[in-house]
Amino acid sequence: KAGPGPRGLARELGEAIQATGALVGRYSRLVRSAGHGRGAAELARLEQEVALSIRQFKERIDALAEALPHAAKAGSQARVHAHGVALILSERLGSLVARFEHARARRHRPEPEAALKPLLGAGPPPSGGPAPGGGEQQPQQQGQQQQGQQQQGQQ
């Protein structure tokens with residue numbers, strides 16, 4: 001059996017894109033509610049399921065594109081239509097991938113405090129005073145500056 005023609009494949013892809021979109025939406029909702037008792041294992045399983053669905057969908061679009069030369073027998077208008085369907089499905093797939101990647105990034109981004117820790121150092125200085133490089137000057141620094149100003153005044 002040669003498999004479905006371009007029309008049958010396009011119809012099948014239309015149903016597959018809806019199913020993949022539903023999976024991406026479900027994953028996105030689970031990521032948003034992850035702090036409300038959702039397990040990491042459930043999210044990881046659904047993430048793999050979505051990735052597999054996207055990969056299979058991409059393979060189906062490629063199969064449709066490969067079937068296009070055979071649509072030449074049906075006429076140029078049918079071939080152009082099939083190309084348009086493949087393009088539209090590819091664009092919809094790109095949109096789904098972007099939504100999925102956005103949800104994945106949200107899931108895997110570090111907590112704000114953890115991300116800022118390397119930038120801010122280990123914590124406040126032991127004296128409880130301002131962090132180095134900012135705030136009030138230490139008495140030693142003030143003395144050095146005063147000496148420099150006095151020397152400039154003597155010259």
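Hydrogens, waters and symmetry mates are skipped; everything else that's a heavy atom, side chains included, is used.
- The minimum heavy-atom distance between Ile54 and Val97, with the atom names listed, is CG2-CG2, 3.7 Å.
- Annotation: the span from Ile88 atom CD1 to Ile61 atom CD1 amounts to 11.0 Å, rounded to 0.5 Å.
- Taking Leu52 as the reference, Arg55, Gln56 meet the side-chain contact (heavy atoms from CB on, under 4.5 Å) condition, with sequence neighbours excluded.
- Taking both residues in full, the closest heavy atoms of Ser53 and Thr20 are given as OG-OG1, 2.7 Å, listed atom of the first, atom of the second, then distance.
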_Evaluate Leu89 against Leu93 for side-chain contact (heavy atoms from CB on, under 4.5 Å), listing each step before the verdict._
CA-CA 6 Å; Leu89 291 172; Leu93 176 63; over 6 Å; no

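- Residues forming a salt bridge (charged side-chain N to carboxylate O under 4.0 Å, His left out) with Arg104 (at least two apart in sequence, or on another chain): Glu47, Glu101.
- Residues Ala103 and Val31 share a closest heavy-atom pair of O-CG1, 3.7 Å.
- The structure places CG of Leu30 at 5.0 Å from CD of Glu42, a figure rounded to the nearest 0.5 Å.
- Nearest heavy atom pair, residue Gly21 against residue Leu96, reads CA-CD2, 3.5 Å.
- Here the CG atom belonging to Asp62 is positioned 7.5 Å from the OG atom belonging to Ser90, to the nearest 0.5 angstrom.
- Under the rule for a ring-ring contact (aromatic ring centres under 6.0 Å, His included), Phe57 has no partner lying at least two apart in sequence or in another chain.
- For the residue pair Ser28 and Arg32, a side-chain donor N or O sits within less than 3.5 Å of a side-chain acceptor on the partner.
- Of all heavy-atom pairs spanning Leu46 and Tyr27, the tightest one is CD2-CA, 3.5 Å.
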